[in-house]
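Quick notes on the structure that follows.
So you know, we letter chains A, B, ... as the sequences are listed, proteins then strands, and number each from 1. This structure is a prediction, so every number in the text was calculated from the model and none was measured.
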There are 2 protein chains.
Amino acid sequence: MQSEKTTAAYVDSLRPAGSKRSSKRDRIVDVFLRQQGHLTADDLVDLIRKEDQRISRATVYRTLAWMEAAGIARKVDFGEGRFRFEHSYRHPRHFHLICKGCNQSMEFLSSDIEQMIEEVAEARKFTVTQAVVQLYGTCEACTTGRPATTRLASTESLFARDALRIAIATERSGREFYTRAAAMTRDARARSVFERLSTAEDDHLERLEARYKQLLAEEPDLESQPQFLFFRGAANGLFSAGVDALRNVTGDKDALMIGIRCERGSHRFFKRYGEKFEDSEGKRVFLEFADEERDHLELLIREYRILTRKDQGKGKAGA
Amino acid sequence: MQSEKTTAAYVDSLRPAGSKRSSKRDRIVDVFLRQQGHLTADDLVDLIRKEDQRISRATVYRTLAWMEAAGIARKVDFGEGRFRFEHSYRHPRHFHLICKGCNQSMEFLSSDIEQMIEEVAEARKFTVTQAVVQLYGTCEACTTGRPATTRLASTESLFARDALRIAIATERSGREFYTRAAAMTRDARARSVFERLSTAEDDHLERLEARYKQLLAEEPDLESQPQFLFFRGAANGLFSAGVDALRNVTGDKDALMIGIRCERGSHRFFKRYGEKFEDSEGKRVFLEFADEERDHLELLIREYRILTRKDQGKGKAGA
DNA sequence: CTAGGTGCAAATAATTTGCAGAGGC
DNA sequence: GCCTCTGCAAATTATTTGCACCTAG
């Protein structure tokens with residue numbers, strides 16, 4: 001459970017200027033942040049009433065609107081004819097699976113869907129501010145008997161777990177890519193760059209694996225929980241396509257170009273998913289890695305330019 | 001504009017058993033089917049009242065529920081706190097872009113998103129009955145000035161246009177694939193199969209192109225309308241990957257195998273999109289092509305088996 | 001002191017329902 | 001004649017608002 005201090009700091013960081021504090025609102029926000037799942041306004045009123053009878057339904061509605069404006073709460077619509085609310089604290093944006101049998105909702109995220117959405121929006125010149133993806137149907141528990149899965153882990157933990165898995169696969173494939181590239185590269189400078197990056201990826205890999213272990217130590221049942229983050233191309237690491245491509249490659253420049261492409265994808269991945277956390281340490285680690293991948297990227301580009309100049313020099317000399 | 005006869009037949013085909021007809025309901029259904037776009041219950045009441053003052057709001061609500069149950073109407077929720085309704089007649093299922101500026105909604109479809117959704121559902125063992133994808137934001141007209149694009153074409157026409165484009169690209173790439181495969185194949189039987197299929201694809205191509213031209217003749221501005229159907233892998237035809245793959249191939253069996261894979265994708269495409277039409281001639285054409293592609297597929301598989309037996313025979317004879 | 005914030009009760013807004021009468025088969 | 005459909009008005013549900021009072025800065 002999160003300490004009150006942490007959520008208080010979180011709320012303070014979002015509290016809009018020119019709004020006065022009030023004990024009622026603080027109490028509502030506090031109760032709301034202690035919940036998980038998707039509450040209706042009425043659910044929240046009931047929860048509040050357990051702690052304080054003197055809070056009116058109107059105030060709860062007003063506070064919900066206030067929290068939404070502040071970015072503390074997100075309004076979600078499951079087509080029930082009323083809204084539900086989920087909080088953003090340590091809770092990245094996501095999509096929903098909604099079971100019509102048990103009225104439970106599950107969360108997931110798909111990089112691939114997000115990307116397709118961006119492509120559609122771009123083609124239509126549409127600026128997306130909010131993407132809603134909701135799959136209605138029947139969950140596993142309702143289809144089979146009723147052994148409802150133990151749903152314990154927070155979205156944040158699941159997100160961290162899956163993002164780390166992808167990151168680890170990426171670093172692993174990156175290490176392989178750079179090791180192979182170093183072995184096949186003739187240009188000495190380029191080779192030493194590949195060697196350096198191979199070592200760097202190895203270092204990242206160790207840190208990520210340590211973090212993954214730590215995560216599992218904190219929540220041992222995390223590994224058995226269902227997949228949350230879907231990211232097709234990255235299941236084997238963002239460099240795995242590059243490793244394949246390396247096989248049909250002859251020049252050092254080609255290897256650098258492949259590295260650039262992979263590294264760019266990798267940078268984007270860490271940046272994008274680092275930013276997905278509304279708040280957390282995971283965010284810090286991912287953004288730090290994003291920076292390092294960007295450094296790698298720049299290094300590769302620099303090296304590519306040098307090699308290109310060399311070739312041109314040769315070309316000119318030869319001509 | 002659709003003839004009344006056609007929509008009447010459509011409604012009759014969906015009318016549930018044991019329900020009796022009534023002039024009021026018929027009138028409401030008729031008015032509803034004449035509209036396009038997403039109507040609120042109130043919009044519909046207003047429209048009805050223009051033709052008949054004696055119809056009550058309750059009846060409209062009840063008829064809307066009746067139409068939804070019959071599959072004539074689809075309830076859509078744009079998070080406005082009330083529902084809207086769109087009809088299914090000649091109107092395939094789709095996703096929505098919703099502009100918060102002008103409250104207009106646009107429709108689109110993405111094969112890729114649909115596929116990702118299926119993958120997520122399968123991984124979570126979730127049975128999806130309805131997939132909602134809604135992108136909220138600002139449309140082009142609201143972002144720039146106000147030259148609102150002429151939105152005239154029906155979803156069905158746009159769907160037909162884009163599906164035909166993909167189909168044409170697929171047949172074109174299929175023809176190229178089979179022509180090349182025939183040229184490089186040593187086995188006489190297999191070669192003649194490839195030649196036959198090349199001719200078949202050429203025939204399909206002509207028919208599809210004729211249909212496409214006809215579509216444009218009916219609605220000349222169709223080509224300038226925005227993209228409706230998004231299907232990444234198929235922009236260059238479902239065989240284009242096969243054409244590429246053919247370059248790195250040596251055996252006749254490999255060529256057959258690539259053909260099988262492409263043909264399977266192509267069959268799926270025609271089947272899936274043929275079925276998307278709630279009702280139409282496009283459906284018939286697509287399903288007919290799906291059948292023919294399935295025949296191709298079976299032919300290829302048969303040929304593949306024969307070639308495999310030959311090889312085994314040789315292998316045994318040689319051993 | 002003054003701009004918010006709060007409670008209460010009334011207002012809205014979309015949709016549903018009970019009931020008595022009308023109408024199709 | 002029976003069962004469904006319909007109109008009307010009242011009920012229900014989720015949410016918002018007017019207004020008088022309260023409270024933090």
In short, ring pair (Phe, Tyr, Trp, His ring centres under 6.0 Å) pairs touching residues 43-77 of chain A with sequence neighbours left out are none
Verify ring pair (Phe, Tyr, Trp, His ring centres under 6.0 Å) between Tyr273(B) and Phe286(B), making sure each step is shown before the conclusion. CA-CA 7 Å; Tyr273(B) 285 97; Phe286(B) 268 63; 7.8 Å; no
Residues passing the side-chain hydrogen bond (donor to acceptor under 3.5 Å, both in side chains) test with Thr40(A), sequence neighbours excluded, are Asp43(A)
Per the under-4.0 Å heavy-atom filter, residues of residues 77-86 of chain B near DNA chain C come out as Gly81(B), Arg82(B), Phe83(B)
Letter by letter from the 5' end, nucleotides 19-25 of chain D scores (B base, S sugar-phosphate only, - none; protein heavy atoms under 4.0 Å) -----B-
Contacts of Asp221(A) meeting side chain to side chain contact (heavy atoms under 4.5 Å, CB included) (sequence neighbours excluded), chain-then-number -> Leu152(A), Glu219(A), Ser224(A), Gln225(A)
Judged by nearest nucleotide, the residue sitting upstream toward the 5' end of DNA chain D, Ala41(A) or Ile28(B), is Ile28(B)
The side chain to side chain contact (heavy atoms under 4.5 Å, CB included) partners of Asp162(B) (sequence neighbours excluded) come to Arg165(B), Gln227(B), Phe228(B), Leu229(B)
- Report yes if at least one side-chain N or O of Tyr61(B) is closer than 4.0 Å to OP1 or OP2 of dT15(C); otherwise report no. yes
For Arg161(A), the salt bridge (Lys or Arg N to Asp or Glu O under 4.0 Å) test, sequence neighbours excluded, returns none
Hits for side-chain hydrogen bond (donor to acceptor under 3.5 Å, both in side chains) against Glu275(B), two or more places apart or cross-chain, chain-then-number order -> none
Residue pairs meeting ring pair (Phe, Tyr, Trp, His ring centres under 6.0 Å), one or both in residues 104-158 of chain A, sequence neighbours left out, come to Phe95(A)-Phe108(A)
Any Lys24(B) side-chain N or O less than 4.0 Å from OP1/OP2 of dG7(D)
yes
In whole angstroms, the gap separating C1' of dT16(D) from CD of Glu68(A) amounts to 15 Å
Atom CG of Asp26(B) and atom C1' of dT6(D) are separated, to the nearest Å, by 14 Å
Exercise. Is Thr40(B) touching bases, backbone alone, or none of the nucleic acid, heavy atoms closer than 4.0 Å?
Worked result: nothing
Sequence neighbours excluded, the answer for side-chain hydrogen bond (donor to acceptor under 3.5 Å, both in side chains) partners of Asp26(A) is Arg21(A)
Here the distance between atom P of dC5(D) and atom CH2 of Trp66(B), to the nearest Å, is 9 Å
Would you say the ring centers of Phe85(A) and His38(A) fall short of 6.0 Å from each other? no
Residue pairs meeting salt bridge (Lys or Arg N to Asp or Glu O under 4.0 Å), one or both in residues 113-124 of chain B, sequence neighbours left out, come to Arg232(A)-Glu119(B), Glu114(B)-Arg272(B), Glu114(B)-Lys276(B), Glu118(B)-Arg272(B)
What residues 42-59 of chain B contributes to the DNA chain D interface at heavy-atom separation below 4.0 Å is Arg54(B), Ile55(B), Ser56(B), Ala58(B), Thr59(B)
